[in-house]
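In what follows, a structure is listed as structure tokens, so that the remarks can point back to it.
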Protein chains: 2
Amino acid sequence: MTLPVAVDAMGGDHAPGEIVAGARQAAGELGIAVALVGPPDQLGEPGEMEVFPASEVVSMDEDPAIAVRRRKDSSLVRAAEAVRDGRALAMVSAGNTGAAMASALLRMGRLKGVSRPAIAIPVPNLVSHPTVLLDAGANAECDAAMLVKFAQMGAAYSSARYGVADPSVALLSIGEEGSKGTPLVKEAHETLSSTPGVRFVGNVEGRDLLHGVADVVVTDGFTGNVTLKTLEGALKFFFRTVLGVIGTDDATKRAGEVLLPHLAPLAERFDPDNVGGAMLLGVRGVCVISHGSSSSRAIASAIEVAHDLATGGLVDRLTQAVGGG
Amino acid sequence: MTLPVAVDAMGGDHAPGEIVAGARQAAGELGIAVALVGPPDQLGEPGEMEVFPASEVVSMDEDPAIAVRRRKDSSLVRAAEAVRDGRALAMVSAGNTGAAMASALLRMGRLKGVSRPAIAIPVPNLVSHPTVLLDAGANAECDAAMLVKFAQMGAAYSSARYGVADPSVALLSIGEEGSKGTPLVKEAHETLSSTPGVRFVGNVEGRDLLHGVADVVVTDGFTGNVTLKTLEGALKFFFRTVLGVIGTDDATKRAGEVLLPHLAPLAERFDPDNVGGAMLLGVRGVCVISHGSSSSRAIASAIEVAHDLATGGLVDRLTQAVGGG
């Protein structure tokens, strides 16, 4: 029997409507087995999808640690338990990021050899496959040993997801020289330079991120989160500004009709709905966290990514990469 | 007699040609007294501009501390000395940022009450005057007391440069809640909340930067530098991509002719040449550091900013703001 991907039907700004619709797309169009996790009476017609009942919902602004401790019958916690118990291949949620992380960590447990899981985000570019940026916010404070694990996990993830044979790993800093940056960055630079199995290509700067300079870029979760949000904010700002100009009169409307098809590949590549969500690396299971405003398409894409990585043996590859046994 | 703005004629990728041309623009078109600092035989026809001789040049990739110690007759060091000795109003350089900072710090000295100067950068938006982001790279490591001084100096700078009466100050973090972020950010949040004279409006995230959410955004120099470069990289990427689409055939060329005039204000506002350069806050003098690829227009603009702030009493305002006497 094929195991389903467990989908937290209650997480996200448009839950459960868009989530259930996305799950239905994944099940119908992509032929992926899906289990909806949530209160059965709120899930509409599940059709051929399984339902894992859960009576509670963790809201977007709840404190993650408290929510996971108190809401033992929440859709998030039940989804993580389904993976732990071998009833699901992987979990997907568009809900409270912190609570999704905490659920996965507490219910699935950590990979051997990993002290702190990290959030990995694909940063698109126009050159090649996306760059994997981690940690994008799981750990505000990191030490050099953690960054080395992130490098190993990021590389394994880049291989598993994009088929990169020997992924290059860079360190985010404020100059190319190893002597630049915080004490953490300097120490990580040195340690990464001498870690067997990590193809470390040195430091990169914020401006390099969209140019596909490395397969993996490693940083602490504070810097990673600020960087990611700065990037998202800048791109959204720019898209909105350009779209705001188009259609203000007949001439700009016609100009837009000519140019937009050329810009569509760019918009599509950078559309958060297509990126497939954040991946929590370092837990004993596959956990994809889609953004809060996920549409059904984003959810279907996240389910596909979770399915492919779980069947492709991501967890084993990560375990090997960090030298766990 | 009017004191001149001392311009490091040898700093930057296009020195001395563009630098001298920019100085000439400032002197001619804006009527600002300018002194060129550099080897007299390399400065062409200085016309009515003064020349402060300096025989050495600090290159862009030299180690700042070593360069300033060894090249005592460099244009950078001599420019800083001219401010210290009261022979110049302010200094402007498009050269090695670290060496410009070190020259200003070592020759002018620190403001009373400031342990570490910071680099302040104007981040443009489409709503209002630019947001002042600091520290953008002078101090990779900071403590909460330093961030408070940055807040005070940033607010004084926002007032002096943009005429803001009671500037709002925000702290860059990974969530609006004061409980989020690194220990440094949490401590700074608390200290800023109770610092008299600072109108602290709480945390902001990377995505808020282009929306003019606060007059001043404070962060450590590592995060600030990564953020700034991420922002610059994203905007440059986007402009290039849009321009790359326009003009590929007759139809896109015509569409570009319609749309570009509408996008020009955006491009102009975000053009690094118009922003007027980075300001080193916390030294006993005005020091503007323009970007390495500065054109003559960027230099003229930096000279104007330096002149206006120096005559507007920036240093006194900063001293007052940090409670120095």
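Hydrogens, waters and symmetry mates are skipped; everything else that's a heavy atom, side chains included, is used. Naming convention: chains lettered A, B, ... in sequence-line order (proteins, then strands); numbering from 1 in each chain.
Counting heavy atoms from C-beta on, the side chains of A/L260 and A/L243 come closer than 4.5 Å. The shortest side-chain heavy-atom distance between B/V201 and B/L171 does not fall under the 4.5 Å cut-off. Residues A/M101 and A/I289 are in side-chain contact: their nearest non-hydrogen atoms beyond the backbone lie under 4.5 Å apart. By the 4.5 Å heavy-atom criterion applied to side chains, B/V218 and B/L134 are counted as neighbours.
Your options are A/V242, A/V258, A/L172, A/I174, and the one with the most heavy-atom pairs under 4.5 Å with chain B is A/I174. Among the candidates A/V226, A/L228, A/L209, A/L235, the residue making the largest number of heavy-atom pairs closer than 4.5 Å to chain B is A/V226. For the set B/G206, B/G181, B/G233, B/A234, the entry with the most heavy-atom pairs within less than 4.5 Å of chain A is B/G206.
Minimum heavy-atom separation, A/P117 to A/L280: CB-CD1, 4.0 Å. The shortest heavy-atom contact between A/G221 and A/C142 is N-SG, 3.9 Å. Across all their heavy atoms, A/A100 and A/C287 have their closest contact at O-SG, 4.5 Å. Here the closest heavy-atom approach between residue A/V58 and residue A/A99 is recorded as CG1-CB, 3.8 Å.
Both the backbone and the side chain of B/F239 come within contact range of chain A, with heavy atoms under 4.5 Å apart. Heavy-atom distances place the side chain of A/V185, and not its backbone, under 4.5 Å from chain B. Only the side chain of A/L266 comes within contact range of chain B, judged by heavy atoms closer than 4.5 Å.
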Tabulate, with distances rounded to 0.1 Å, every donor-acceptor pair spanning chain A and chain B at under 3.5 Å.
residue	atom	partner	partner atom	Å
B/E205	OE1	A/K229	NZ	2.2
B/R207	N	A/K229	O	3.4
B/K229	O	A/R207	N	3.4
B/K229	NZ	A/E205	OE1	2.2

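Here the CZ atom belonging to A/F270 is positioned 8.5 Å from the CZ atom belonging to B/F238, to the nearest 0.5 angstrom.
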